[in-house]
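Remember, it's 1-based here, ligands and their atoms both numbered in the order they're listed.
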Amino acid sequence: VRARRHLRTGGSTVVLHDDQNGRALVIGEREWNVVRAMDGTRDLVGIAMAAEHNGAPVRADHLAAFVASLESLGMLDSYAPPVPPDNAFPRDVPVRALADYRFACDGAGECCRTYGSVLFTAPEVARACALRPELEDAGHDPGRIFLPAAGLDDTLRAVARRNGACVFLDPEGRCSIHARGGESAKPLGCRTFPIAYLDTGAEIRAVPRPECSCVFEAGGGDPITHATRGGELARETYVPSLPESIAMGPETVDRERFVAFSDSIALGDRDLVLECVALAGDIAARGSSARGRALDRDVSSLRARVTAMRRAADLLSSVYASYHAPSDPIRRSTELVRDALQRLDADLVVPEASQPEDEHLVARVVRFGLRLASGPSVEDALRSLAVRILVARTIDRQLVRHPVAIVEALHRNLP
Ligand code: SF4
């Protein structure tokens with residue numbers, strides 16, 4: 001279960017998210033005070049004592065009933081120690097960024113409104129609270145705006161949101177941590193966004209995550225990284241490793257073979273949806289020898305995935321509607337994606353690409369960033385990409401500048 005705090009004028013709520021079952025439970029400050037005492041070391045008497053110590057005493061019978069209701073909802077679990085990240089430091093191998101790509105942030109704060117969780121390490125929490133101690137009295141109690149990112153592990157903490165944005169975003173749309181402490185004071189995730197790194201075994205590749213309008217509008221700007229070797233990256237930079245083996249249809253290939261495959265395929269030169277479907281079908285039959293077949297407008301192989309994504313988007317929309325305002329960007333983008341999926345589920349057609357240059361960039365990121373290795377199999381990842389592009393094409397461009405960006409951002413929460 002994840003807990004997230006949402007601030008409103010005159011108060012705040014905490015939302016407990018049960019990711020496994022796609023549910024959310026909105027609780028108040030007093031209930032949260034009880035939940036945060038339930039750290040696996042206390043019985044009911046101890047929880048009541050801790051709640052009282054924290055300034056919110058609770059009656060024993062009310063506490064027992066509340067804990068029983070959490071249990072009946074399946075929201076209690078035993079303590080599991082945090083899993084360390086797969087590699088603590090970037091390896092000192094060459095760093096290579098997506099060629100001929102430059103990025104410029106427009107400073108409008110879109111990425112500060114896109115995600116439900118912006119994560120801070122403990123030193124980042126301390127720095128942010130020192131720079132904005134008056135914000136919800138965080139200088140006195142960082143727990144007013146930071147909750148553990150997941151379960152009881154507070155190695156990483158998620159910042160509260162207010163009015164659909166990170167609580168540190170000021171009314172002018174600027175990061176107030178940046179404004180008071182300079183760029184280096186922001187959490188690393190914000191400083192490096194939208195860059196994603198991947199260690200292939202031979203080098204570290206860097207690509208822009210296609211999840212923000214700026215990624216698609218960057219004409220000038222700077223290279224996404226100036227690092228030429230992993231040793232030049234900040235020590236805490238998250239650099240996951242490409243899996244050692246990758247499923248491709250009837251075979252499993254090692255990562256060297258997969259990198260050679262990904263670098264050799266043509267993707268994004270013609271209709272991206274149809275290319276993905278053709279290549280997925282060919283891989284399912286011939287594994288890593290596949291190079292794609294003639295394009296065919298029959299996309300019935302995407303049917304099951306469209307239906308599964310539509311169901312997940314239905315559920316997510318109803319969860320978000322239970323605690324987000326209608327204008328909240330996360331709720332709004334989820335509803336746009338849900339509506340598009342509902343239309344596709346009813347009538348699975350392939351519209352023409354209205355923003356081929358956006359799709360072309362996504363295809364480059366997928367190939368160079370080796371993103372086809374991110375699912376259970378390469379053909380599965382291709383079909384997932386095909387559906388995401390179809391959804392983006394189905395969203396009304398009058399409503400959003402770069403539909404593919406909101407679909408890619410939301411994809412983190414959809415199958
Ligand atoms: S910490 Fe600053 S840059 Fe990061 S999401 Fe919040 S407002 Fe945006």
- Query: Which heavy-atom pair separates Pro403 from Ala392 by the least distance, and what is that distance?
  - Reply: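 Heavy atoms only, the tightest pair is CB-O, 3.4 Å.
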
- Query: Taking all non-hydrogen atoms of both residues, which atom of Ser384 and which atom of His411 are closest, and how far apart?
  - Reply: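 Scanning both residues completely, I find the closest heavy atoms to be OG-CE1, 3.5 Å.
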
- Can you check whether Leu385 reaches Arg388 side chain to side chain, under 4.5 Å on heavy atoms?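 Yes. Closest side-chain heavy atoms under 4.5 Å.
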
- Under 2.8 Å from atom 2 (Fe) of ligand 1, how many protein N, O or S atoms can be found?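 Of the protein's nitrogen, oxygen and sulfur atoms, 1 lie under 2.8 Å from atom 2 (Fe) of ligand 1.
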
- Under 4.0 Å from any heavy atom of Phe120, which atoms of ligand 1 are there?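 Close to Phe120: 1 (S).
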
- Full working for side chain to side chain contact (heavy atoms under 4.5 Å, CB included) between Glu211 and Thr114: CA-CA 9 Å; Glu211 299 176 8; Thr114 300; 5.8 Å; no

- Query: Going by an N to O cut-off under 4.0 Å, is there a salt bridge joining Asp271 and Arg393?
  - Reply: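 Counted as a salt bridge, because a side-chain N and a carboxylate O are separated by less than 4.0 Å.
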
- Message: Quick check: Tyr323 with His17 (ring centres under 6.0 Å apart)?
- Response: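 Aromatic pair counts; centres sit under 6.0 Å.
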
- Task: Answer with yes or no after comparing the ring centroid distance for Phe120 and Phe146 against a 6.0 Å cut-off, counting only values under it.
- Result: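 For Phe120 and Phe146, the ring centres are under 6.0 Å apart.
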
- Mind checking whether Tyr115 contacts ligand 1 via backbone (N, CA, C, O), side chain (CB onward), both or neither, at a 4.0 Å heavy-atom cut-off?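 For Tyr115, there is no contact with ligand 1 at all, from either part.
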
